[in-house]
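Counting from 1, the numbers follow the sequence of the chain as shown. Below, all heavy atoms of this structure are taken into account, side chains as well, without hydrogens, waters or symmetry copies.
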Amino acid sequence: MATIQFEEKDFLACCGSTRFAKEMVSAAPFSSYDEAVDTAREIWFNKVDVHGWLEAFAAHPQIGQSPSPHHKSPTSAQWSTGEQSTAMATATDTTLQELSHWNSRYSQKFGFIFLIFASGRTTPEILAELKRRYENRPIVEFENAAVEQMKVTEQRLAKLFSTKAEDDSSTGCSADVATKAGEDRVSIVGAHLTAPSRAPSGQQTRPPARTRPPITTHVLDVGRGSPAAGVEVRLETWVGNLPRPTFGGAETDNWVLHGSSTTDKDGRSGQLMSMVDALKPGVYRISFNTGKYCPNGFFPYVSIVFEVRESQKWEHFHVPLLFSPFSFTTYRGS
């Protein structure tokens, strides 16, 4: 299968994190756009630390402003201009002034610029979303920005594949690769602007063999702005007589331990379960010994209970904990 070669500067144009770009170069070459996106998601959410996220955020111009002429990635600056073209075409002096005002308020509150997948969005739409997200807690908004950055990265990877493939085809490489990359670019843009399409009922595509356990986690200490090292983690599954635990139930002896670990310096746990291709459907519980990590905090421990359905057994479940002494949140990652 044909592969396309990339350099660190190519990936830096897609995401302004130096760690991200270096990790992508180490993982390359990629035989397809889909393979590159899967790798990018793994690196961005599981290997790039807080400092790398902030570095990537800072590489973007504020919405409504032009990139710096001294940007470390001219390609990124060019793409930023194109991504904001709809917003700029629908802006007025009044909305630009209001956008600048809210951008400033957002930066002062959260410590980084407002980041949004801007392609195809008008200035009024972006402004409304900025005002809505301004009400979020910092821990929530930090995650929102990371998710939006990943959307931008996926779109730019599509552009990168398309450009590289077209260059290669002009020098004698397969034109099919260029065509496929162009189709991918169109589909990825649409995927973030419309609801995700689903496979026809009854059809389920089995993915390639796993390269990591199906359930993983990491812990981010948002109070310190760094990964949380040394947090004890346990993963259990429900085996009670009922198909799932009930709210208010006292079935405390029906959880079976899969595995336990302690987070490393990057906040990632070790392997919590065996490497299996098909994850057994059921209810799982992942628990964190936050009381030992933060003795003066509010939470002696945190447990997150979630369900894996039959239709999801081939998927990956990344269930992180974003923690501070008096609050925590989680989400289902990939």
Side-chain angles (χ1 to χ4, degrees), residues 15 17 19-20 23-24 26-27 34-53 56 139-140 142-144 146-147 149-151 153-154 206-222 226-238 255-290 292-293 299 301-323 328-334:
C15 175
S17 163
R19 172 73 180 275
F20 173 86
E23 291 282 352
M24 287 292 286
S26 297
D34 290 337
E35 182 186 357
V37 167
D38 287 343
T39 303
R41 289 173 179 165
E42 167 68 15
I43 291 172
W44 177 245
F45 289 115
N46 297 324
K47 294 185 178 181
V48 177
D49 60 16
V50 173
H51 304 293
W53 281 13
I139 189 173
V140 174
F142 193 52
E143 279 294 318
N144 284 339
V147 170
Q149 172 62 61
M150 191 65 239
K151 293 179 183 179
T153 301
E154 289 179 27
R206 178 172 176 169
R210 296 185 190 273
T211 58
R212 54 181 172 164
I215 298 176
T216 57
T217 187
H218 75 268
V219 184
L220 177 64
D221 186 333
V222 296
S226 63
V231 179
E232 297 174 356
V233 185
R234 290 169 57 92
L235 176 65
E236 301 162 289
T237 187
W238 172 260
W255 292 98
V256 174
L257 181 67
H258 265 291
S260 60
S261 182
T262 302
T263 57
D264 61 17
K265 63 182 179 63
D266 295 318
R268 300 184 191 88
S269 72
Q271 187 167 322
L272 296 173
M273 68 182 308
S274 301
M275 184 79 72
V276 294
D277 287 339
L279 178 61
K280 183 179 179 180
V283 177
Y284 293 82
R285 179 171 71 182
I286 188 165
S287 301
F288 306 85
N289 191 352
T290 51
K292 182 178 180 180
Y293 173 79
F299 307 101
Y301 68 91
V302 171
S303 287
I304 301 167
V305 179
F306 59 97
E307 184 172 8
V308 177
R309 304 185 185 279
E310 175 67 28
S311 61
Q312 300 174 310
K313 64 184 179 182
W314 304 111
E315 299 178 17
H316 181 78
F317 293 82
H318 186 68
V319 187
L321 177 69
L322 287 77
F323 174 79
F328 71 86
T329 189
T330 187
Y331 64 94
R332 188 212 157 168
S334 60

Test side-chain contact (heavy atoms from CB on, under 4.5 Å) applied to Arg332 and Glu315, step by step | CA-CA 11 Å; Arg332 188 212 157 168; Glu315 299 178 17; 2.9 Å; yes
Compare all side-chain heavy atoms of Phe317 with those of Leu279 and state whether any distance is below 4.5 angstrom. yes
Closest non-hydrogen atoms of Gln271 and Pro213, given as atom of the first, atom of the second and distance, are CG-CG, 3.5 Å
If you count every heavy atom of other residues, nucleotides or ligands that lies below 6.0 Å from Phe306 atom CZ, does the total exceed 12?
yes
| Do any N or O atoms from the side chain of Thr216 and from the backbone of His318 form a donor-acceptor pair under 3.5 angstrom? | no
Tell me, with the steps shown, if Trp53 and Glu143 meet side-chain contact (heavy atoms from CB on, under 4.5 Å).
CA-CA 10 Å; Trp53 281 13; Glu143 279 294 318; 3.4 Å; yes
Main-chain N/O of Val319 paired to Thr217 side chain as donor or acceptor, under 3.5 Å
yes
Side-chain heavy-atom pair Pro281, Gln312 within 4.5 angstrom cut-off = no
Thr329 side chain vs Leu322 backbone, donor-acceptor pair below 3.5 Å
no
| said: Measuring only between side-chain heavy atoms, which start at C-beta, is Ile215 closer than 4.5 Å to Tyr284? | reply: yes
dist Lys47:NZ -> Ser26:OG (nearest 0.5 Å) comes out at 8.5 Å
task: Kindly confirm or rule out a cation-pi arrangement of Arg285 over Trp255, judged by NZ or CZ under 6.0 Å from the six-membered ring centre and within 45° of its axis?
output: yes
Rounded to the nearest 0.5 Å, the CD1 atom of Ile286 sits from the CG atom of Leu272 at a distance of 5.5 Å
pair Gln149-Cys15: side-chain heavy atoms closer than 4.5 Å:
yes
Requested in this report: Could you tell me whether the side chain of Glu23 and the main chain of Phe20 form a donor-acceptor pair under 3.5 Å?
Outcome: no
Q. Between Ser287 and Ser303, does any side-chain donor sit less than 3.5 Å from a side-chain acceptor?
A. yes
How about Glu307 and Arg309: do any of their side-chain heavy atoms sit closer than 4.5 Å? yes
- Message: Quick one, Lys313 and Lys280 - any side-chain contact, counting heavy atoms below 4.5 Å?
- Response: no
**Q.** Sub-4.5 Å side-chain heavy-atom contact between Ser17 and Trp44
**A.** yes
In this structure, NE2 of His316 is separated from CZ of Arg41 (nearest 0.5 Å) by 12.0 Å
Item to complete: Give a yes or no on whether the backbone of Gly230 and the side-chain of Thr263 come within a donor-acceptor separation of less than 3.5 Å.
Response: yes
Query raised in the report: In terms of side-chain heavy atoms, does Thr39 have a donor or acceptor partner in Glu35 at a distance below 3.5 Å?
Result: no
ring-ring contact (aromatic ring centres under 6.0 Å, His included) with Phe299: of Phe328, Tyr293, Phe288, only one passes, and it is Phe328
Interatomic distance, CG@Asp221 vs CD1@Ile139, rounded to 0.5 Å, equals 9.0 Å
Here the pair of heavy atoms bringing Thr290 nearest to Val302 is OG1-N, 3.7 Å
Margin query: With side-chain contact (heavy atoms from CB on, under 4.5 Å) as the criterion, how do Val231 and Phe323 come out once you've worked through the C-alpha distance, each side chain's angles and the decisive distance to 0.1 Å?
Written below: CA-CA 11 Å; Val231 179; Phe323 174 79; over 6 Å; no
dist His218:NE2 -> Asp49:CG (nearest 0.5 Å) comes out at 10.5 Å
Here the gap from Glu236 atom CD to Ser260 atom OG, rounded to the nearest 0.5 Å, amounts to 10.0 Å
Worksheet item: Heavy atoms, side chains only, cut-off 4.5 Å: are Pro214 and Val276 in contact?
Response: yes
Walk me through whether Leu257 and Leu235 qualify under side-chain contact (heavy atoms from CB on, under 4.5 Å). CA-CA 6 Å; Leu257 181 67; Leu235 176 65; 5.9 Å; no
